[in-house]
Amino acid sequence: MEAQVGVSSHGGVVDGSTAVKFLQKQQVVAPATASASSPRHHQQSAEIGTVPQLLAGGIAGAFSKTCTAPLARLTILFQVQGMHSEVALLSRPCIWNEASRIANEEGFRAFWKGNLVTIAHRLPYTAVNFYAYEQYKKLLKSIPSIGNNSESAAADACVHFVGGGMSGITAAMATYPLDLVRTRLAAQRSTIYYQGIGHALSTICREEGFFGLYKGLGATLLGVGPSIAISFSVYESLRSYWKSQRPNDSTVMVSLTCGSLSGIASSTATFPLDLVRRRKQLEGVGGRARVYNTGLVGTFGHIVRSEGFRGLYRGILPEFYKVVPGVGIVFMTYETLKKLLSEGTF
């Protein structure tokens, strides 16, 4: 599971008004009195001000996924090794052996197989995630019982947790078909069934129907909310504690470290759901027989019976190797871009 959170140039969560101020510094605006008396002008600025959030969030997600694409593909390959006969062949997967196999059999570029659709998915996903988080946060703070206790640590934690979870669910639903295509392209080995994004989308619709594009959505929604909520909460808590103890430390270092730790926490908690999601996404590929004919709970039971409890964490090691730099890069890149945008560098 990937988890991201919007952070400002100061390392905190971006408020909607902050995004407006970013572009207001770059534009010729009317005098303060005229601006205050013109609701239309203020509304236009607010609408324009969302661009830095969307741009910074999308670029941060795409850059992070590209940097960690080889580890992401290894994670997917390990996660699906328990399907069909592969569990008998690769009961003890080794990261180095699998990486060597990919390099020897498929070439070095194969480590980035499916990365184009990953970027196509990650740009809108991350942008929607960051933007939705800000909107859900404002909505939650408009609730009297929360807004009147804005100084309370419990109320603040509730806003981060619920807002983060809802933003993750919103982004996942909006971009799910691309996530499914990305999994299928990355899981291909020597036999190439899907020739690209367009071919994969059309083939899935033709062979499995339109709803075939949403296989595994249940496990995704069940996992993405808690995953991103945990990431938001852990990140905000660690960052606040760090800044209170060492206020002069580099904001980039704080974001990188806290972002990586929050990614480890969320991945550990929700990895079994992510594994089930991947396997559900690969059901029926190329006309192969279905492996899991039950619901979410039945799939968990099937995996535990056939592979043991450890089977639910197949591929967790490359996931950790991916999450530490990946989530850290997202936080750091997003913060850097917001800082550049706020200073009018672009």
query = What pairs with Arg246 under salt bridge (Lys or Arg N to Asp or Glu O under 4.0 Å), at least two apart in sequence or on another chain?
reply =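 Applying salt bridge (Lys or Arg N to Asp or Glu O under 4.0 Å) to Arg246 gives Asp249.
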Who pairs with [X] by side chain to side chain contact (heavy atoms under 4.5 Å, CB included), at least two apart in sequence or on another chain?
X      : value
Tyr241 : Ser244, Gln245
Ser237 : none
Leu71  : Leu74, Tyr321, Lys322
Val162 : Leu140, Cys158, Met166

query = Can you name the residues that form a side-chain hydrogen bond (donor to acceptor under 3.5 Å, both in side chains) with Glu105, not counting sequence neighbours?
reply =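 side-chain hydrogen bond (donor to acceptor under 3.5 Å, both in side chains) list for Glu105, sorted by chain: Arg101.
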query = Among all residues two or more places apart in sequence or in another chain, which pass the side-chain hydrogen bond (donor to acceptor under 3.5 Å, both in side chains) test with Thr118?
reply =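 Only Arg182 meet the side-chain hydrogen bond (donor to acceptor under 3.5 Å, both in side chains) criterion with Thr118.
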ask   = If you measure from the Lys or Arg side-chain nitrogens to the Asp or Glu carboxylate oxygens, is any gap between Lys137 and Glu236 under 4.0 Å?
value = no
Pair Arg184 + Asp179: basic N to acidic O under 4.0 Å = no
message = Could you list the cluster mates of Trp242? Members are the ILVMFWY residues connected by side-chain heavy atoms closer than 4.5 Å, either directly or through other members.
response = Met253, Val254
ask   = With Phe111, which residues qualify under ring pair (Phe, Tyr, Trp, His ring centres under 6.0 Å), at least two apart?
value = Phe108
task = Consider only side-chain heavy atoms of I, L, V, M, F, W and Y, link residues closer than 4.5 Å, and tell whether Leu273 and Val297 are in one cluster.
result =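 Leu273 and Val297: separate clusters.
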message = Under a plain distance cut-off of 3.5 Å, with no hydrogens placed, do Tyr214 and Gln281 share a side-chain donor-acceptor pair?
response =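 No.
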query = For residues 213-222, which residue pairs qualify under salt bridge (charged side-chain N to carboxylate O under 4.0 Å, His left out), counting only residues two or more places apart or in two chains?
reply =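 Salt bridge (charged side-chain N to carboxylate O under 4.0 Å, His left out) check on residues 213-222 returns Glu208-Lys215.
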message = Suppose the criterion is salt bridge (charged side-chain N to carboxylate O under 4.0 Å, His left out): which pairs have a residue in residues 67-77, not counting sequence neighbours?
response =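 Listed by first then second residue: Arg73-Glu106.
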inquiry  = Would the distance check show the side chain of Trp112 and the main-chain N or O of Thr66 forming a donor-acceptor pair, the cut-off being under 3.5 Å?
reply    = yes
